[in-house]
Amino acid sequence: LGGADDGKIVVWNIAQSRAICSQAVATGKSGPALVIVFTGPDIFVCGGKDLLQTWTIKGDKLSAGNTSLGKIKRELTVVVRDPVRDSVYFGTTSGDVLKVALNSKTGGPSALVAALVRKPKKGMPSNSGRFSGGVNCLLVTANGDLLVGCGDGEVVSVEETPIKKAVAGQVVFPTQVGDPTKPNLIQKKSARFCGSITSMVLTPSGTEVLIATSSCKVFKMTILTFSHSQILSCPSRPILTASFPSTSCQLYAVGGEDGLQLWTEDGQLVLHIPPSLPGVAATQVRLTKDGRSVISGWSDGNVRIYTPETGKLVEEIRNAVTGSEGVTAMAVSSRGDKMVVGGGDGAVRVWDIGWGTAKLVKTVREHRGRVTAAHIAGDGKLALTTGSDGAGIVWNVATLTRSQLFKGTSGLSSGFLHPNNVHGLILGLDNHLGYWDIMGGGELRNMVLARKGHVTCMDLSPDGMYFAIGTDQSMVKVIRYSEGNTIRVGMASCGSITCIKFGPDSHTLLAATEFGATVLWCFDRE
């Protein structure tokens, strides 16, 4: 089915990989077509906005027959066929189910039977039987019941009752305009899930159904009892930061608009810490070397420290940074006793942190723009912060005095101190990477990392032999530090890369995307 700009339906020969025929679907008053289902070897039905058509494939031609909807105006979003009743059911955005009789046994044209809703409870208005949020999914179970997945997260099992037919010869004079919907669906069971229902699939046994939701969770539900359990979960919103522990690649932490999450390398969710308030995002996360704490910076300007086992809040450092953008950069020393944080107003702060005893050491304001990144050297003596003003500043952590100033060719997005304690790296928004001498303060090399697209993030491997970059074209590159040549290229194929992180072995690489996906790579040692 083509989209709104195309408006065509194309029949393909799968074996020969070629198009057999095509035909315009939408008319000037209806369309485009959104859903399609085959009702026979060469017959299919499609529906869309105020559109319901039956198509027949005749050789290399298509012939269509319109099914009248009368005065009913609906947008059909999902379709399922019931071969036992010789009918199809369409779900709509208005919360009812259209039943269409195929009449395949008699050879007659398909016809709209009714728009079905649930029978309202006693004392409730007649329109209370509609499915809230619209009908997103439909399934026909083995016993003939309908499973309806709704936009408000409800899954309902309903049984269809016969539609009462008018008595022959009886004349009825209506006193008001009748509702086109018929309350002929009897609700049997229901269950509610977080987020709207996006997909439902019956298992091969037909006794269970897999349910996917807009919150990126998959559940398995038993149809007989409606008991359900979660079998899969992943972040549903952009990931902004990621971190590995210093001793293992089997666990990693990510942070974003969904809060903090700890995952295993095989995709199992270990811990989820939701945001304290709606609209608050975890912008920075670090796992301490001793494994006792998860240190996180948030968009509300606070730093929160949790236990990785239970997610218990150990300490909350309020107003850890100044400015209205919250914590935009954060680094923790390898010993876990010092923390450097930056905010949107260019201020940099150093904190002494411990087990429930955080103390502000000093605040300086030398950046004239947003602090974009912070990194502390392995020995804990020097730290590097980069800013949107194009300055990379090397600090003496003990006194928070400036040691060197690196000037980029544009605003900076990332910066790292090399493990050799001689070189510093700064990445500009113009895709230029600069190698700088920490001792003398001079630029040693400048290279362009990408000619097309925009480099969104960078990370330096713990052994200093490689650095990796992510782009807005969903591409990940691993580059050898000394020579500057690309040795590995990967495609996440899931939107712009928002964060990239090396594992402690320097050969495991984690990339996170704007759509909440995490992609884990491993590359061989050279």
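Note that the structure is predicted; figures quoted are calculated from it, not measured.
Heavy atoms only, all atoms of each residue included: T456 and D472 are closest at CG2-N, 3.7 Å. Nearest heavy atoms, S215 versus C194: OG-O, 3.1 Å. The shortest non-hydrogen separation linking C216 to P235 is SG-O, 3.7 Å. The shortest heavy-atom contact between L262 and A253 is CD1-CB, 3.8 Å. Taking both residues in full, the closest heavy atoms of V280 and P275 are given as O-CB, 3.2 Å, listed atom of the first, atom of the second, then distance. The minimum heavy-atom distance between A282 and L260, with the atom names listed, is CB-CD2, 3.7 Å.
Although no hydrogens or angles enter the test, the distance criterion places a donor-acceptor pair under 3.5 Å between the side chain of E514 and the main chain of S496. Of the possible donor and acceptor atoms, one in the side chain of S474 sits under 3.5 Å from a partner among the backbone N and O of G495. Not a single donor-acceptor pair under 3.5 Å links the side chain of R130 to the backbone N or O of V117. With hydrogens and angles ignored, the 3.5 Å screen pairs no side-chain donor or acceptor of T508 with any backbone N or O of C522. Side chain of R488 to backbone of A468: no donor-acceptor contact under 3.5 angstrom is found. For the pair S461 (side chain) and Y466 (backbone), a donor-acceptor distance under 3.5 Å is present. In terms of modelled atom types and a separation under 3.5 Å, the side chain of D82 and the main chain of V88 share no donor-acceptor contact. Not one N or O on the side chain of S299 forms a donor-acceptor pair closer than 3.5 Å with the backbone of G326. Panel note: side chain T471, backbone Q473; a donor-acceptor pair is recorded below 3.5 Å. Listed for the R286 side chain is no donor-acceptor partner under 3.5 Å among the backbone atoms of V332.
V79 is not listed as a side-chain neighbour of L76, based on a closest heavy-atom distance of 4.5 Å or more. No side-chain heavy atom of L510 sits under 4.5 Å from any side-chain heavy atom of W263. No side-chain heavy atom of H228 sits under 4.5 Å from any side-chain heavy atom of I211. Here the side chains of L271 and I273 are in contact, with some heavy-atom distance below 4.5 Å. Under the 4.5 Å side-chain criterion, counting only non-hydrogen atoms from C-beta, T77 is not in contact with T92. Within the 4.5 Å cutoff, the side chain of D300 has heavy atoms near those of the S276 side chain. Side-chain contact check for S128 versus K121: every heavy-atom pair is 4.5 Å or farther apart. At least one side-chain heavy atom of L116 sits less than 4.5 Å from a side-chain heavy atom of E160.
Here I295 contributes atom CD1 and Q284 contributes atom CD; the two are 12.0 Å apart, rounded to the nearest 0.5 Å. If you take SG on C249 and CG on L520, they are separated by 8.0 Å, rounding to the nearest 0.5 Å. A distance of 12.0 Å separates OG1 in T161 from NZ in K182, rounded to the nearest 0.5 Å. Taken to the nearest 0.5 Å, the OG1 atom of T203 stands 6.5 Å off from the CD1 atom of I223. The distance from atom CG of L62 to atom SG of C21, rounded to the nearest 0.5 Å, is 3.5 Å. F219 contributes atom CZ, which lies 14.0 Å from atom CE of M200 (distance to the nearest 0.5 angstrom).
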- Intermediate values then yes/no, side-chain contact (heavy atoms from CB on, under 4.5 Å), F90 and L34: CA-CA 11 Å; F90 287 93; L34 301 174; over 6 Å; no

- Task: Show the numbers, then the answer: is there a salt bridge (charged side-chain N to carboxylate O under 4.0 Å, His left out) between R304 and E316?
- Result: CA-CA 4 Å; R304 297 177 176 90; E316 181 177 18; 3.0 Å; yes

- Pair S157-T141, side-chain contact (heavy atoms from CB on, under 4.5 Å): steps then yes or no: CA-CA 9 Å; S157 174; T141 62; 5.9 Å; no

- Message: side-chain contact (heavy atoms from CB on, under 4.5 Å) for I305 and T288? Distances and angles first, verdict last.
- Response: CA-CA 10 Å; I305 304 176; T288 56; over 6 Å; no

- May I have the step-by-step check of side-chain contact (heavy atoms from CB on, under 4.5 Å) for V78 and N136, ending in yes or no? CA-CA 6 Å; V78 64; N136 291 350; over 6 Å; no

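The closest side-chain donor-acceptor pair between T39 and R81, if any, does not fall under 3.5 angstrom. Side-chain N/O atoms of S196 and S214 include a donor and acceptor closer than 3.5 Å.
Within 6.0 Å of CZ on R18 lie more than 12 heavy atoms contributed by other residues, nucleotides or ligands. In K217, the NZ atom is crowded: over 12 heavy atoms of neighbouring residues, nucleotides or ligands sit closer than 6.0 Å. In the displayed structure, I186 atom CD1 is contacted under 6.0 Å by more than 12 heavy atoms of other residues, nucleotides or ligands.
Between F44 and W55, the angle of the ring planes stays under 30°, which puts this pair in the parallel group of the 30/60° scheme.
Salt-bridge formation is detected for the pair R192/D152: a Lys NZ or Arg NE/NH1/NH2 atom is positioned less than 4.0 Å from an Asp or Glu carboxylate oxygen.
For the side-chain contact (heavy atoms from CB on, under 4.5 Å) with Y89, the lone residue among V97, L139, V100 that qualifies is V97.
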